[in-house]
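Read through the structure below, which is laid out as structure tokens, and then see the notes.
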Amino acid sequence: MTKSIDVRNPRTGKFDYVIIPPPPKLLAQLCNRLRRSQVRWQQLSVEERIEALQEWKQAILSGRDRLTEALVNDTGRLSISEMEIDSFISSIDRWCRLAPELLQESAKNTAIPFIALQQTAVPYSLVGVISPWNFPLLLSTIDAIPALLAGCAVVVKPSEIAPRFVAPLMTALNAVPKLRDVFTFIEGAGETGAALIEYVDLVCFTGSVATGRKVAEVAAKKFIPVFLELGGKDPAIVLESTNLDLATSAILWGAVVNTGQSCLSIERIYVAESIFDKFVDQLVTKAQKLKLAHPTLETGELGPIIAEKQAAIISDHLLDALDKGAVIHCGGKVEELGGGWWCRPTVLTQVNHSMKVMTDETFGPIMPIMPFANVEEAIHLANDSIYGLSAAVFAGSEELALEVAQQIDAGGISINDAALTAIMHEGEKNSFKFSGLGGSRMGPAALKRFMRKKAFLIKTNSANDPWWFDN
Ligand code: NAD
């Protein structure tokens, strides 16, 4: 028997749900079964695979209330859970629309007139997806959907911290036998994630740098591709010419939506010193208007801190900053309400890069702001990080902002807006530095990650090739 895992409810602090990881033998059998079924799945036309995904989508929509309830219990938030479901549904539709063209095979002429080239691609058999707790539904399916359309079988191991959403998804999956044979979710913690890697041909991992490194090491030993989407410490640069009202509204959203529990949250703000005080005043005024979604889900905009371990990290970063001279303008502490952990939008000044709040991932609604004297200094500060996930640049003109953005070491940069990669998944981008490894999970390239290319080199004449031996 494997040991069951008790799951904490982020609003009440009570352990009111249990998951049971599959015993090792069962996991092996499950992966073998999926691998066998993948052969037929790959032989289906892309239109037939689309049909199966659309049937799953319909089954999910008809049980949407159960899925919403499960996600609310997983995360303690309502409107973001609704948004998460909408975004998941639209990503099924988007990939179903794009897949037929992306999976088209092509024949090409070559430099040698009597050799034709036929280019094709074959899917990896079994893909393993390991995902975090902050957007449980979205991040466990973001790679799975294109992988399935490419013709792979997929096993998802979501986070043990927010696993309730799996049950309604599995109920919907059971209504689509064709898809159920090649797609499943397993419950469990790190041990189960590590065990899964042993059975798959490709890994998509979303989570922390520390775990990502472990996953990459195992994948390297097995010579299997691994796509890592890891942490961030996204900077926002605000130049003197910026529309301050727009910048403060965008940055507030980008920093505190989902209580700051997003890899692409704005976690550091650099503001031109000539507008620093005005910027701080406006941001604080707007931040103070946001409320906690406590005692009811509808009371305010900010849900609880989902993972208890994260509440401790946020507190630690705040205490470290205060200890080193930071000044709090609003918010400023992690508090316990009704058994859950909560944090109000927090604005800090008098911060510097000796503080954890400016260097380590905080994953909370914390906005530390530093002034800069010139653009070179702003770029230097923004790049002074082990992370390179995304960033934001605000300026009076698009040209000026783009000029700065080009010098920032990050994959997705919002111009005169913040955290746009959360909303728009069309643009291809890589994670720089310790924020990740591997091809883009967004845009058309995302689907192609799941295929191995094959070239058929076809001789089209019956004469000897000029480079053969002369006999
Ligand atoms: P985590 O690394 O603790 O866990 C992520 C997943 O890995 C979980 O499912 C966990 O059970 C599993 N796991 C743990 N040990 C494992 C092992 N040895 N082998 C295989 N799997 C293992 O991360 P978390 O706390 O769940 O998530 C928060 C982190 O995720 C933050 O750093 C955040 O920035 C990052 N994140 C990144 C993105 C992105 O797209 N770049 C998106 C969301 C979250």
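Each ligand, and each atom within it, is numbered from 1 in the order the structure gives.
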Is K3 paired with E191 through a side-chain N to carboxylate O contact shorter than 4.0 Å?
-> no
For residues 148-168, pull every pair meeting ring pair (Phe, Tyr, Trp, His ring centres under 6.0 Å), keeping only residues two or more places apart or in separate chains.
-> none
Within the 4.0 Å heavy-atom sphere of ligand 1, strictly under, residues | I130, S131, P132, W133, N134, L139, K157, P158, S159, E160, A189, G190, G193, A194, F205, T206, G207, S208, T211, K214, V215, E229, L230, G231, C263, K309, E361, F363, L389, R441
So, K233 side chain and D360 main chain: donor-acceptor pair closer than 3.5 Å or not?
-> yes
Would you say the side-chain atoms of T346 pair up with the backbone N or O of G332, donor to acceptor, closer than 3.5 Å?
-> yes
Can you list the residues that meet the side-chain contact (heavy atoms from CB on, under 4.5 Å) rule with V203, with sequence neighbours excluded?
-> I130, I197, V200, F205, V215, I224, V226
For residues 330-363, which residue pairs qualify under ring pair (Phe, Tyr, Trp, His ring centres under 6.0 Å), counting only residues two or more places apart or in two chains?
-> W133-F363, Y270-H353, H294-W342
